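Comments concern the structure below.
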Amino acid sequence: MPVIGIPVDLLLERVQTQPGRQELVEHLQHLGCDVEGYATMRRFACGRCGNLMEITETENPPVVCDRCGTDFKTSPDQLSAAGEKDVVRMELLAVRPDMFDPGGLARTLRNYFKETLDTPSYPSSASDFSVSVEPGLEQRPYIACAVVRNLKLDDDKIRVIMKLQENLHWALGRDRKRASIGVYDLDTLQGKRFRYTSVAPEELQFAPLGYSAEEKWTPARVLAEHTKGTAYARLIKDHPRYPILFDENNQVMALIPIINSEATKVSKNSTNFFIDVTGLEERIVNKTLNTIVTSMLELDPGARLETVRIDSASGAQVTPDLTPQQAVLNPVTAASRIGVPLDKDGVIECLRRMGHEVSQRADGNLDVKIPAYRNDILHEVDLIEDVAIAYGYHNIVPTLVPTLTVGSEQPLETAGASARAALTGLGYLEVLTLILSNEAAQYDLLGRPREDRHVVIQLPISQDQTMVRVSLLPGLLDTLSVNTDHELPQRIFEIGNISLLDDSETGASEHRRLAAAAIGPRVDFAQMRATCEALLREFGWKLETRASQDPAFLSGRGAEVWGHRGEQSVRLGLLGEIHPQWLEHYGLGHPAAAFELHFDLLSQPQS
Amino acid sequence: MHVNELEYVLLNFLRDNPQEITVGDLAAQLGKDQSQVSAACISRPEWIDVREEERLSLRLGKKAQPFVEQGFPERKIIQALDQLGGQGDLNAVAEKAGLTSQDVGQSLRFLKSKGWAEQQAKNLILSAQGKAAIGGSGADEELVKALEKGEQEASHLPQASEGLKLLQGRSGVVEERPRTLRWVKLSEAGKSAVQDGIEVRTQVNQLTHEMMISGDWKNVDFRPYDVSLGTEAVYPGKEHPFVSIIQQTRKVFLELGFEETVSPYVESSFWDFDALFQPQDHPARDMQDTFYISKPSECKLPRQQWVDEVGATHRNGGRTGSLGWRYDWNDQLIKQPVLRTHTTASSIRALAENPNPPRKVFCVGPVFRRETVDYKHLPVFHQVDGIIIDEKASFASLLGTLQAFYRKMGFQKFQFRPAFFPYTEPSVEIFVWSDRKEDWVEMGGAGVFRPEVTEPFGCKVPVLAWGLGLERLAMFRYELGSIGELYRARLNWLKETPLCR
């Protein structure tokens with residue numbers, strides 16, 4: 001989860017309540033933020049695009065600009081120190097992108113602290129800007145835009161907007177795939193009628209952000225050479241034409257969703273902005289626009305919002321659409337689902353403290369208007385959680401469900417406890433070994449032919465773990481191999497599952513196995529057989545051992561384990577002295593013997 | 001009565017010599033080692049009365065030699081003074097007495113304390129008392145002389161007390177040695193025991209089968225051991241420490257009235273993700289985080305009705321009253337097999353099989369994540385998942401259940417913080433206080449299943465659910481440096497880790 005540093009001064013100048021440092025952390029935790037603590041960040045500025053970057057005390061200065069992609073290793077003169085900033089660091093709460101920046105977070109806190117119980121509102125007027133969406137944009141069909149005027153910026157606020165943009169790309173945009181954001185200096189744009197269209201890779205040239213206006217790059221070159229191009233090429237390169245945004249004069253605003261043009265770059269002196277969000281899902285595109293625009297408006301009370309008309313084949317639309325989402329909540333259900341003594345007024349106050357607008361209905365239910373920047377309310381239960389958070393998890397009195405139920409355990413576990421008692425009584429130590437293994441260990445290192453009944457992992461992390469084990473024995477020998485310095489004899493066992501392919505619903509099932517091994521100067525077949533017999537006896541079986549040719553064991557010293565019980569005769573597993581060839585593989589210098597049993601068969605109740 | 005050989009001669013001697021005798025004398029009389037005789041007397045307190053007397057003995061110390069050979073210097077000085085006519089210059093006195101001026105200087109305080117002479121400026125003047133003392137001998141001088149023969153009891157020396165007083169300030173001339181003198185005699189019980197007859201018995205080390213058969217064990221004594229000595233370490237066969245934690249976890253939920261369930265390690269994406277309302281583009285489903293399986297290549301789908309209901313819920317909320325995720329839900333992706341990423345797959349299967357309240361179900365087992373191995377992470381770890389399906393269930397009773405579990409696992413302080421999971425609402429993360437870390441440590445996530453999760457399976461009542469990591473409990477309890485220590489374990493660690501914590 002990415003971590004964000006909210007500048008403490010920017011946050012606290014936007015709320016009246018001035019909590020102490022620890023108090024602020026607790027409030028944020030109560031709201032669900034995973035707070036790491038306070039930190040003083042060192043800042044660096046990119047000389048090419050003006051971007052401010054922050055590092056913690058333990059991090060190294062940036063090597064590349066995260067906005068324009070300038071490489072500071074090749075151009076070290078472009079990087080300069082830009083002071084320090086006190087921040088409160090927290091993991092991004094992915095479901096609440098409206099709390100990713102100081103403006104949005106302060107908005108939440110003002111309601112939470114009851115400084116106001118009114119829902120934040122953002123009046124807008126219609127601009128005369130429009131964007132026409134031209135055919136051929138199947139790879140990225142949706143666009144939503146807005147104009148923000150009269151927003152005074154400084155280095156800090158520019159950084160806030162850039163960082164918010166980046167974090168929204170992560171949280172809502174799934175790394176720009178579902179949604180990506182562009183912010184432009186409105187005063188660099190010409191005309192009012194912009195075009196969202198597509199171009200061939202070599203069709204035109206423009207100077208991407210961070211390069212002087214004289215530099216001319218084709219979209220193909222941006223994808224091949226620009227750091228942002230190589231990072232995001234995968235999103236568009238499989239399509240013959242790339243999405244692009246033009247102003248009325250055919251000036252490139254952005255190669256979407258890769259990089260803006262240098263010509264439309266936002267600077268400290270910009271006051272009027274054009275914002276676009278493009279993407280694959282209309283709902284996400286609109287929510288993303290709502291989030292970034294309202295957070296920008298929170299930065300400066302003097303800023304004004306204007307809407308933009310989007311003309312597409314399916315008709316005209318005006319964005320951003322800040323109409324609140326409507327929902328109905330039953331306050332009695334809310335209180336009982338949370339399990340707290342809240343009456344209707346209490347529920348209403350909790351909802352208002354979470355920024356919702358609430359009105360009462362004649363039927364006792366509540367009409368709830370959810371702010372347009374909230375993206376996480378799918379169902380009444382999401383509002384119930386908001387009520388619970390406002391009430392405070394720390395204020396909820398834990399109880400227990402009053403209903404009586406009868407517990408019951410899995411029969412294999414009951415039997416496992418008996419087997420464990422028998423083997424520990426015989427002096428065996430229980431071990432656990434890894435469930436994921438590989439074919440060499442599971443087959444080759446015991447001389448067993450590779451079989452085709454095991455679960456295969458598609459993309460293993462390492463060659464050691466490519467499959468789910470089919471036998472416990474390799475794990476036991478491996479455990480002995482890391483204990484060669486330990487006194488002899490050693491006696492160990494494991495009760496665990498193996499997996500085999502079959503015709504079940506998921507195509508594979510687990511089977512409970514029990515394996516035991518002993519190593520030491522006087523360990524032999526007879527000793528292991530006696531142990532096996534003792535175990536079988538406890539489950540009512542009479543042991544019979546029949547010669548086996550299993551290559552894991554010394555020839556003539558391996559046996560099939562058969563159990564007889566009443567009318568039943570079942571092959572329960574294998575037993576024998578481990579072949580010295582495999583002992584050698586595992587670096588074991590003494591005789592060892594082992595057995596492995598089908599514990600699910602062994603532990604069946606007697607009929 | 002049976003006694004050993006030493007006791008036999010000792011008791012007989014004491015019977016024949018009824019007067020109290022010191023252990024030293026007794027040993028000398030018997031011709032035995034004094035410490036053995038002493039131990040034998042003390043070991044039979046019912047028969048032998050032992051009276052202890054604190055004694056002081058005196059002997060010449062390391063600095064006594066000059067006093068023995070040359071006498072006391074102050075005596076030489078008064079003789080010299082007498083020869084000088086009753087007084088004289090310090091240097092002249094020294095010369096006359098055959099002493100160094102340093103010796104004379106050190107003797108001044110004794111001349112004064114004995115009243116033999118006084119110093120006036122550089123002159124020493126012999127007193128009447130001093131003159132009288134010439135030719136005599138002081139108690140200190142007598143004492144040194146007496147001790148020339150060797151160490152002696154202070155009580156045997158009449159001049160001891162006066163002599164010691166005079167020798168104060170002359171350390172190392174006479175040493176004082178306090179010691180305990182033991183007097184022994186037969187007690188009344190001892191007398192009658194010896195009267196009744198005592199028999200000597202042999203001592204043996206080991207009781208043998210032959211002694212038992214012959215009854216000879218009755219005629220021997222067993223040599224007592226030094227029971228304070230250490231012995232070689234032995235260890236019982238034991239369950240694995242992490243198995244202890246799993247068993248304790250199971251016990252807690254069984255005690256709370258839960259039925260235990262299991263589900264397959266290889267799981268369809270349907271049960272691992274879709275049935276839990278995880279959208280198909282959710283990052284948790286990424287190949288980077290989840291082990292997808294190439295064999296088996298495909299899972300079968302469960303009941304078509306469940307698939308349809310789940311699909312509709314993803315697309316537009318279906319019948320649940322939710323908006324749904326509003327995307328093009330793909331009913332082929334749900335067949336992809338994965339190694340289950342959480343035991344919540346077991347919970348949702350249990351719920352689907354029987355959604356009728358009241359039910360409490362739990363599952364303990366391994367889960368699989370495509371994590372890079374480090375001290376805190378292995379690609380396999382264990383979870384306990386549980387659900388409560390109950391009309392009366394509330395978020396507060398979820399918190400209470402979690403608290404009950406962690407109390408029983410030995411934790412005292414808890415914090416509940418809001419969290420986000422796609423399948424629960426409200427959602428919570430539980431933190432426990434660690435004294436060792438002096439911080440809150442996250443233990444697991446929980447919540448009330450969303451209607452989008454329960455209603456497709458026909459469940460309309462609240463369902464409380466949680467998935468809690470167990471390795472973290474082991475790291476705490478056994479103070480492990482790395483989770484890897486649980487597997488490929490060192491046998492030493494298994495042996496040394498106590499069953500009871």
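Just so we're clear, the structure is a prediction, and the values are computed from it rather than from any experiment. Convention: sequence-line order gives letters A, B, ...; per-chain numbering from 1.
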- Query: Thinking salt bridges, do A/Lys177 and B/Asp281 make one under a 4.0 Å N-O criterion?
  - Reply: no
- Note on the structure: The interface call for B/Phe449 against chain A, heavy-atom contacts under 4.5 Å, is neither
- chain A contact via B/Ser269 - which portion, at a heavy-atom distance below 4.5 Å: neither
- Query: Heavy-atom distance under 4.5 Å to chain B: side chain of A/Glu510, backbone, both or neither?
  - Reply: side chain
- Query: Is a donor on one side and an acceptor on the other found under 3.5 Å between the side chain of A/Asn483 and the backbone of B/Arg488?
  - Reply: no
- Portion of A/Gln325 that has a non-hydrogen atom of chain B nearer than 4.5 angstrom: side chain
- Message: Tell me whether A/Arg174 is salt-bridged to B/Asp286, with the criterion being a basic N under 4.0 Å from an acidic carboxylate O.
- Response: no
- Item | Best-contacting candidate, B/Arg359, B/Glu452, B/Glu429, against chain A by heavy atom pairs under 4.5 angstrom | B/Glu452
- Note on the structure: Heaviest contributor of heavy-atom pairs below 4.5 Å to chain A, chosen from B/Glu255, B/Glu371, B/Glu259, is B/Glu259
- Please state whether the side chain, the backbone, both or neither of B/Pro236 comes within less than 4.5 Å of a heavy atom of chain A. backbone
- Query: Do you know which of B/Pro379, B/Ser427, B/Gly324 has the most heavy-atom pairs with chain A at a distance under 4.5 angstrom?
  - Reply: B/Ser427
- Top contributor to chain A contacts, counting heavy-atom pairs under 4.5 Å, from B/Arg370, B/Gln403, B/Gln415: B/Arg370
- Is the closest side-chain donor-acceptor distance between A/Thr405 and B/Lys360 under 3.5 Å? yes
- Note on the structure: Turns out that what part of B/Glu267 lies under 4.5 Å from chain A's heavy atoms comes down to both
- Minimum side-chain heavy-atom gap A/Tyr393-B/Pro426 below 4.5 Å: yes
- Query: Quick one: what part of B/Ser297 sits under 4.5 Å from any heavy atom of chain A, side chain, backbone, both or neither?
  - Reply: neither
- Message: Can you tell whether the side chains of A/Glu409 and B/Arg250 come within less than 4.0 Å, N to carboxylate O?
- Response: yes
- Under a 4.5 Å heavy-atom cut-off, does chain A meet the side chain of B/Glu391, its backbone, both or neither? neither
- chain A heavy atoms under 4.5 Å from B/Trp271: which part of the residue, side chain, backbone, both or neither? side chain
- With a 4.5 angstrom heavy-atom cut-off, which part of A/Leu501 approaches chain B: side chain, backbone, both or neither? side chain
- Note on the structure: If one checks every heavy atom of A/Val468 against chain B at 4.5 Å, the contacting part turns out to be side chain
- Is the shortest side-chain N to carboxylate O distance from A/Glu505 to B/Arg349 below 4.0 Å? yes
- Task: Pick one of side chain, backbone, both or neither for A/Ser481, based on which atoms fall under 4.5 Å of a heavy atom in chain B.
- Result: side chain
- Which answer fits B/Asn492, side chain, backbone, both or neither, if we ask what part of it has an atom under 4.5 Å from a heavy atom of chain A? both
- Message: Less than 4.5 Å to any heavy atom of chain A: does that hold for the side chain of B/Val262, its backbone, both, or neither?
- Response: both
- Task: Let me know if B/Leu491 has heavy atoms under 4.5 Å from chain A in its side chain, its backbone, both or neither.
- Result: both
- Item | Options B/Pro358, B/Pro451, B/Pro366, ranked by heavy-atom pairs under 4.5 Å with chain A, top entry | B/Pro451
- Task: May I ask you to say whether A/Arg337 pairs ionically with B/Glu425, meaning some side-chain N is under 4.0 Å from a carboxylate O?
- Result: no
- Contacting region of B/Val428 [heavy-atom separation from chain A under 4.5 Å]: both
- Query: Given that the side chain runs from C-beta out, which part of B/Ala419 has a heavy atom under 4.5 Å from chain A: side chain, backbone, both or neither?
  - Reply: backbone
- Query: When only pairs under 4.5 Å are counted, which of B/Phe362, B/Tyr327, B/Phe368, B/Phe242 shares the most heavy-atom pairs with chain A?
  - Reply: B/Phe368
- Item | Check: B/Arg450 main-chain N/O paired with A/His379 side-chain donor or acceptor under 3.5 Å | no
- Query: Backbone N or O of B/Glu260 within a donor-acceptor pair of the A/Gln410 side chain at under 3.5 Å?
  - Reply: yes
- Item | Under 4.5 Å from any heavy atom of chain A - which part of B/Leu464 | side chain
- Task: Under 4.5 Å heavy-atom distance to chain A, tell me which part of B/Glu442 shows up: side chain, backbone, both or neither.
- Result: neither
- Pairwise side-chain contact, B/Arg490 with A/Asp485, heavy-atom cut-off 4.5 Å (strictly under): yes
